[in-house]
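Below: the structure, in structure tokens.
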Amino acid sequence: MTNPELRRQVINIYKELLNVGREYPLGYEYFRNRLHRAFSGQAHLQDEEQIRKGIARAEFVKKEIETLYYLKRYRTLKQRYENK
């Protein structure tokens, strides 16, 4: 990777995903291993456009995981208050 800005973006999204994965239902180690494999599998990319697409996909995955967490929290709260 020649562009230092893209490198910084990739590292930042990796760190953000690691942080989001701390509450993953199957455990942090499971999430971290899968994330590492996903990023390692794309390490060969040299084309800046392909790297940008990968960053966009990682952002999408991050939003999806956050949405699942919010949904889980909402369902838990809803269940607690319906039982009263």
Side-chain angles (χ1 to χ4, degrees):
M1 186 181 319
T2 57
N3 187 338
E5 177 63 26
L6 281 178
R7 179 176 169 79
R8 188 182 61 75
Q9 288 178 5
V10 169
I11 291 170
N12 282 343
I13 190 65
Y14 184 80
K15 288 179 180 179
E16 289 173 13
L17 282 166
L18 276 177
N19 197 25
V20 167
R22 294 208 182 276
E23 298 177 31
Y24 198 72
L26 295 175
Y28 178 69
E29 278 302 311
Y30 173 84
F31 183 85
R32 191 183 68 77
N33 290 336
R34 298 277 304 249
L35 181 66
H36 181 74
R37 276 199 314 252
F39 272 73
S40 296
Q42 302 296 317
H44 67 281
L45 295 179
Q46 296 293 323
D47 181 34
E48 288 190 11
E49 188 58 37
Q50 292 294 329
I51 295 169
R52 290 183 204 283
K53 285 181 182 177
I55 292 170
R57 188 171 356 134
E59 290 282 352
F60 176 78
V61 168
K62 182 181 137 201
K63 289 178 186 174
E64 287 288 313
I65 293 170
E66 288 173 343
T67 301
L68 289 174
Y69 289 164
Y70 291 134
L71 181 62
K72 182 179 176 184
R73 187 182 323 156
Y74 168 77
R75 286 179 176 163
T76 302
L77 288 173
K78 184 177 177 188
Q79 184 180 15
R80 285 181 191 164
Y81 286 107
E82 282 181 349
N83 290 339
K84 289 187 178 187

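These numbers come from a predicted model, not from an experiment. Excluded from the calculations below are hydrogen atoms, water molecules and symmetry mates; all remaining heavy atoms, backbone and side chain alike, are included.
In this structure the side chain of Tyr14 reaches within 4.5 angstrom of the side chain of Leu35, judged on heavy atoms. Between Ile11 and Arg7, some side-chain heavy-atom pair lies under the 4.5 Å cut-off.
Interatomic distance, NZ of Lys72 versus CD of Glu23, reported as 8.5 Å (0.5 Å rounding). Taking CD of Glu82 as the start and CZ of Arg75 as the end, the distance is 12.0 Å to the nearest 0.5 Å.
The two residues Leu17 and Phe31 make their nearest non-hydrogen contact at O-CE2, 3.0 Å.
Although no hydrogens or angles enter the test, the distance criterion places a donor-acceptor pair under 3.5 Å between the side chain of Asn33 and the main chain of Glu29.
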Which side-chain N or O atoms in residues 63-70 pair as donor and acceptor under 3.5 Å with protein atoms at least two apart or in another chain?
from: Thr67; atom 1: OG1; to: Lys63; atom 2: O; distance (Å): 2.7
from: Tyr69; atom 1: OH; to: Val20; atom 2: O; distance (Å): 3.0
from: Tyr69; atom 1: OH; to: Tyr24; atom 2: N; distance (Å): 3.0

Report all side-chain donor-acceptor pairs from residues 49-58 shorter than 3.5 Å, counting only partners two or more places apart or in another chain.
from: Arg52; atom 1: NH2; to: Glu48; atom 2: OE1; distance (Å): 3.4

Test log, rule side-chain contact (heavy atoms from CB on, under 4.5 Å), inputs Arg8 and Asn12: CA-CA 6 Å; Arg8 188 182 61 75; Asn12 282 343; 3.0 Å; yes
